[in-house]
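Everything on this sheet refers to the single structure shown next.
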Amino acid sequence: MVVGDISTGTEVLVVGAGPGGYVAAIRAAQHGLDTTLVEKDAYGGTCLNHGCIPSKAFITASSLAHEAGHAEEMGIHANPAVDMSQMRSWKDDVVDGLTGGVEKLCKANGVNLIEGTARFKDDGAVRIEHGGEGQGSETVEFEHCIVATGSRPIQIPGFEFADDPIWSSRDALAADSVPDELVVVGAGYIGMELSTTFAKLGSDVTVVEMLDDVLPGYEDDVARVVRTHAESLGIDFHFGEGASGWSPDGDGVVVETETEDGETASYHADKVLVAVGRSPVTDTLDVANAGLEPNENGFLETDDRMRTDVEHIYAVGDVVADSPMLAHVGSKEGIVAAEHVAGEPAAYDAQAVPAAVFTDPEIGTVGMTEAEAEEAGFTPAVGQMPFNASGRAMTTGHTDGFVRVVADEDSGFVLGGQIVGPEASELVAELALAIEMGATLEDVAGTIHTHPTLAEAVMEAAENAQGQAIHTLNR
Amino acid sequence: MVVGDISTGTEVLVVGAGPGGYVAAIRAAQHGLDTTLVEKDAYGGTCLNHGCIPSKAFITASSLAHEAGHAEEMGIHANPAVDMSQMRSWKDDVVDGLTGGVEKLCKANGVNLIEGTARFKDDGAVRIEHGGEGQGSETVEFEHCIVATGSRPIQIPGFEFADDPIWSSRDALAADSVPDELVVVGAGYIGMELSTTFAKLGSDVTVVEMLDDVLPGYEDDVARVVRTHAESLGIDFHFGEGASGWSPDGDGVVVETETEDGETASYHADKVLVAVGRSPVTDTLDVANAGLEPNENGFLETDDRMRTDVEHIYAVGDVVADSPMLAHVGSKEGIVAAEHVAGEPAAYDAQAVPAAVFTDPEIGTVGMTEAEAEEAGFTPAVGQMPFNASGRAMTTGHTDGFVRVVADEDSGFVLGGQIVGPEASELVAELALAIEMGATLEDVAGTIHTHPTLAEAVMEAAENAQGQAIHTLNR
Amino acid sequence: TAETETSSGRVFASPSVRKLARELDVDVAAVSGTGPSGRVTESDVRAAAESDDEAETGGPREVSFSGESAVSKRGDAGNGEVSSAASASQSAAGREKTLAAPATRRVAQE
Ligand SMILES: Cc1cc2nc3c(=O)[nH]c(=O)nc-3n(C[C@H](O)[C@H](O)[C@H](O)COP(=O)(O)OP(=O)(O)OC[C@H]3O[C@@H](n4cnc5c(N)ncnc54)[C@H](O)[C@@H]3O)c2cc1C
Ligand SMILES: Cc1cc2nc3c(=O)[nH]c(=O)nc-3n(C[C@H](O)[C@H](O)[C@H](O)COP(=O)(O)OP(=O)(O)OC[C@H]3O[C@@H](n4cnc5c(N)ncnc54)[C@H](O)[C@@H]3O)c2cc1C
């Protein structure tokens with residue numbers, strides 16, 4: 001370990017080893033740049049340690065247990081018992097495998113790794129404090145810096161994550177027992193994913209949401225499929241209520257809520273998961289010293305090369321303004337920043353950013369909705385294929401939902417897609433490629449799709465938009 | 001019911017209501033053609049009644065039972081009991097729902113449906129014998145005819161499907177109990193799918209195959225992943241052996257096999273599934289009367305508009321020469337034939353025909369292999385991403401296999417893909433579109449893929465082919 | 001993220017074509033596409049880089065689609081796309097493929 005303050009230099013300094021930062025560092029090194037990556041906590045960032053990966057591990061495992069326990073219709077009789085601490089340690093192994101992999105990949109690509117917290121001294125150097133007592137610090141001078149410090153969960157007044165019964169998503173993903181009663185504050189995608197998971201694991205789940213539906217930002221008919229299924233899992237929704245406080249009650253707590261009109265209600269719970277959003281992290285690294293000014297919401301603004309106002313300092317990932325807080329967006333931004341430093345003609349010019357919600361069923365969306373297409377001046381041609389008309393969906397017993405394709409009526413160009421149903425997160429990949437390629441409805445409909453697959457529904461939706469679907473009635 | 005011999009006319013007569021025929025009929029009717037569809041047996045043909053759909057239903061259900069029983073590592077403890085007759089009736093319900101749907105869709109699109117066996121009188125008319133005693137017959141004159149009579153399983157000498165212990169795939173898919181011991185003759189895709197299914201349901205499965213590996217036609221490293229996993233399910237393979245006969249033995253039978261060198265072996269079984277291929281059906285409809293001559297293997301030859309030598313008679317589906325015997329190929333051919341009759345500029349010009357094998361793990365292939373690309377004169381650029389480096393695969397516990405992308409080194413055009421692993425049948429859809437669109441490696445790699453999904457592995461394989469993968473080491 | 005090149009609307013060109021445009025310093029949003037429905041192809045970008053007058057051809061919404069121009073372009077589109085693609089892979093002797101998308105091939109057949 002380096003003790004004391006020595007000073008070294010690097011061509012590219014990346015701060016934060018989440019999916020924005022580690023991808024940027026690897027790509028920069030691949031372009032032959034001398035690259036240093038600093039991480040204060042754990043390789044892989046939020047995504048691998050406390051986000052995407054552990055949540056998907058729990059979602060998959062809880063779904064398997066739940067599905068096997070509810071397949072009498074198929075002739076399968078099982079009464080699965082879940083050992084939550086074993087599930088958690090399996091999940092930890094998955095996470096360890098991946099974070100270890102990230103470290104190895106960084107090294108194999110020649111990235112210098114430093115553990116510690118980086119703070120700007122000025123716009124050409126950071127001071128890195130190594131973790132732990134007496135580990136000392138060092139100064140690293142850089143030619144280019146990529147800030148990838150990510151985000152953290154928002155706390156609401158009265159609900160401190162430090163208190164034992166109050167869970168952040170991170171705490172929920174570290175659970176090694178299943179609470180009998182769980183109150184979830186917030187019905188955004190993280191709240192919905194975790195509500196579904198714990199409901200499948202046997203918790204009595206109550207969701208409290210200020211707005212009047214689940215999954216704000218998604219179209220009504222998409223959100224409805226997820227909400228209806230969540231209700232059938234026994235999840236109890238209370239819309240138009242905000243969590244105002246809590247107090248201990250026996251072994252558990254009572255959560256108080258209030259509507260806009262001042263009506264109050266209270267719910268008993270063992271744990272309270274607060275999932276109301278995430279805010280960017282810029283306070284760990286003294287951005288002002290480098291001349292950076294976060295906007296009013298704390299994000300860093302960039303151009304399409306991911307450059308901040310200080311030209312040789314880039315920002316990527318959750319910390320970036322006006323950019324969806326998604327791992328794959330961060331990774332793409334990381335690649336753009338790294339390649340731009342390397343002198344490549346890269347830009348963040350994605351025509352379509354896919355996004356998934358891993359509820360039951362899943363949601364996968366990309367590009368424009370019908371309303372957005374209209375707003376943008378297109379005359380939308382819209383086609384739909386319900387999964388209950390899909391042979392493959394029927395053979396899996398999962399027939400809720402649909403594929404919708406939105407195109408431009410005149411040119412046929414595919415503009416967007418909304419999928420809710422089995423494997424929606426995977427199916428959206430084809431539509432993302434279609435949009436990026438400038439494919440038309442005819443291109444998608446004219447491409448042979450394997451039978452029997454869920455992906456056929458994408459083709460059928462495109463045919464439906466042309467009035468030529470085989471397996472649905474055309475409007 | 002019509003009794004006696006009346007004569008009617010139709011613009012388009014389609015014979016056979018499998019995925020070739022019913023799709024052709026619906027599309028012809030959508031183009032305003034007066035269309036008649038004759039089926040002697042069941043709407044949906046082999047695919048819906050005895051093929052794709054029932055097999056996938058059993059595969060999905062048996063996989064769920066098996067997976068739930070082997071998820072202790074994830075903390076799931078279950079010992080699922082399978083009620084096979086219940087599983088079978090669930091499967092029957094799925095089939096009935098779909099075949100009923102086909103009938104409804106035909107009617108809703110204005111297709112005239114006739115139940116019976118059509119035989120050519122000459123090249124302008126068929127006589128249709130209605131099923132059942134005394135149901136009579138009728139003559140239908142046509143301007144255009146589309147032959148979609150499909151295929152049937154091949155029998156091998158000594159193994160008659162009429163004998164109770166000898167199963168065709170159709171018999172296997174009608175099973176309402178699980179044989180203790182099952183011998184499967186043939187390790188092609190149907191044999192492998194059903195071996196896996198019954199092994200998961202608890203049968204002791206022995207596979208006898210004349211050739212020296214499973215899944216002839218697939219690359220070694222692709223087949224190996226499936227074979228290794230099948231072996232881990234307890235399936236016992238005997239390569240280089242042909243089934244030469246069987247005799248009753250107690251409640252079961254003994255199957256004898258012989259190698260090329262004349263060595264013999266014998267295996268005890270309760271049932272013997274013979275799955276050695278399928279042959280085209282042309283003998284049900286007196287093709288010679290219409291002037292059609294099947295080729296030496298019994299197939300009908302067509303041009304790329306699906307016309308036979310008799311210009312106004314088309315053939316589509318399994319009955320067509322030099323065309324993969326796959327449902328989605330039949331449907332595409334049906335669309336081409338129908339549109340050509342309607343005067344549309346349609347042709348069977350697919351650049352890439354995806355195909356899937358629903359083993360564990362699945363296989364999905366499309367376009368050229370590396371060897372085929374070389375043969376075609378390309379310098380292949382090949383990239384690969386193993387699923388054990390995929391975050392999404394790790395969170396599902398299914399990490400066997402890989403995605404391979406084959407492209408042209410010079411131009412970057414994607415030429416093919418081979419996927420073996422979870423959801424391979426779905427993932428191949430994106431590569432099919434890529435090939436049809438003339439997308440390059442850069443296009444696939446440059447399209448944002450949702451995290452965490454299996455589809456990211458397609459992007460990573462494309463990046464790997466460019467020497468720029470993030471999550472694998474580049475060669 | 002501010003998207004300098006695409007802020008005014010959708011661009012119908014593949015990722016590799018857009019990257020080429022940046023490399024050749026062409027504003028892809030201002031290029032008239034000759035691909036199906038006005039999709040911007042690799043050869044369109046190369047032509048724009050050579051003629052160097054892409055700035056005059058107007059904004060992205062005009063590029064792309066609709067109206068008679070798109071229809072009349074469709075006729076050559078198939079061939080244009082095929083030949084540009086073919087030249088890109090000339091080394092592939094005996095290649096039977098045409099590297100044109102399904103809709104393009106259909107137009108070519110028409
Ligand atoms: C429960 C949950 C589920 C999610 N599921 C998904 C999903 O399915 N799909 C998806 O796309 N997104 C998902 N997300 C969002 C995803 O995790 C984020 O978008 C992603 O992690 C952002 O990546 P990043 O690199 O910008 O930041 P982070 O992953 O947050 O990484 C930032 C890193 O920077 C480090 N750091 C911060 N300051 C310093 C400093 N001064 N010095 C050194 N290191 C520092 C931090 O320790 C951290 O490791 C989920 C999030 C949560 C919470
Ligand atoms: C176990 C199994 C699994 C399979 N799995 C898959 C898969 O996953 N994916 C895939 O793509 N393919 C699969 N296949 C193959 C697929 O079933 C065939 O490719 C497909 O059914 C061919 O369609 P078709 O329309 O040509 O013929 P068929 O589906 O065979 O239909 C022909 C129809 O014509 C009728 N008919 C025949 N003669 C006459 C006559 N003279 N008059 C009236 N009617 C007549 C028959 O009764 C039949 O209904 C599978 C096959 C089997 C056996």
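Below, chains carry the letters A, B, ... as their sequence lines are ordered, and counting in each starts from 1. A quick note: this is a predicted structure, and the numbers were derived from the prediction, not measured.
Contacts classified as salt bridge (charged side-chain N to carboxylate O under 4.0 Å, His left out) and involving residues 29-38 of chain C (residues at least two apart or in different chains) are not found.
The contact between A/I435 and chain C is made by backbone and side chain atoms together, counting heavy-atom distances below 4.5 Å. Contact annotation for A/A352: neither backbone nor side-chain heavy atoms come within less than 4.5 Å of a heavy atom of chain C. For A/V414, the part sitting under 4.5 Å from any heavy atom of chain C is the backbone (N, CA, C, O) and nothing else.
Atom CD of A/E293 is surrounded by 12 or fewer heavy atoms from other residues, nucleotides or ligands within 6.0 Å. Open room surrounds CG on A/D309; 12 or fewer heavy atoms of other groups in view lie less than 6.0 Å from it.
The distance from the CE atom of A/M437 to the OG atom of C/S16 is 6.0 Å, given to the nearest 0.5 Å.
Checked against salt bridge (charged side-chain N to carboxylate O under 4.0 Å, His left out), A/E301 has no partners two or more places apart in sequence or in another chain.
In this structure, A/F413 and C/F12 have parallel ring planes: the angle between them is below the 30° cut-off, well short of the 60° mark.
A/D349 and C/K19 are not joined by a salt bridge, as no carboxylate oxygen comes within less than 4.0 angstrom of a charged side-chain nitrogen. Here C/R39 pairs with A/D443 in a salt bridge; the nearest charged N to carboxylate O distance falls below 4.0 Å.
Counting heavy atoms from C-beta outward, A/E344 and C/E23 have side chains that stay 4.5 Å or more apart.
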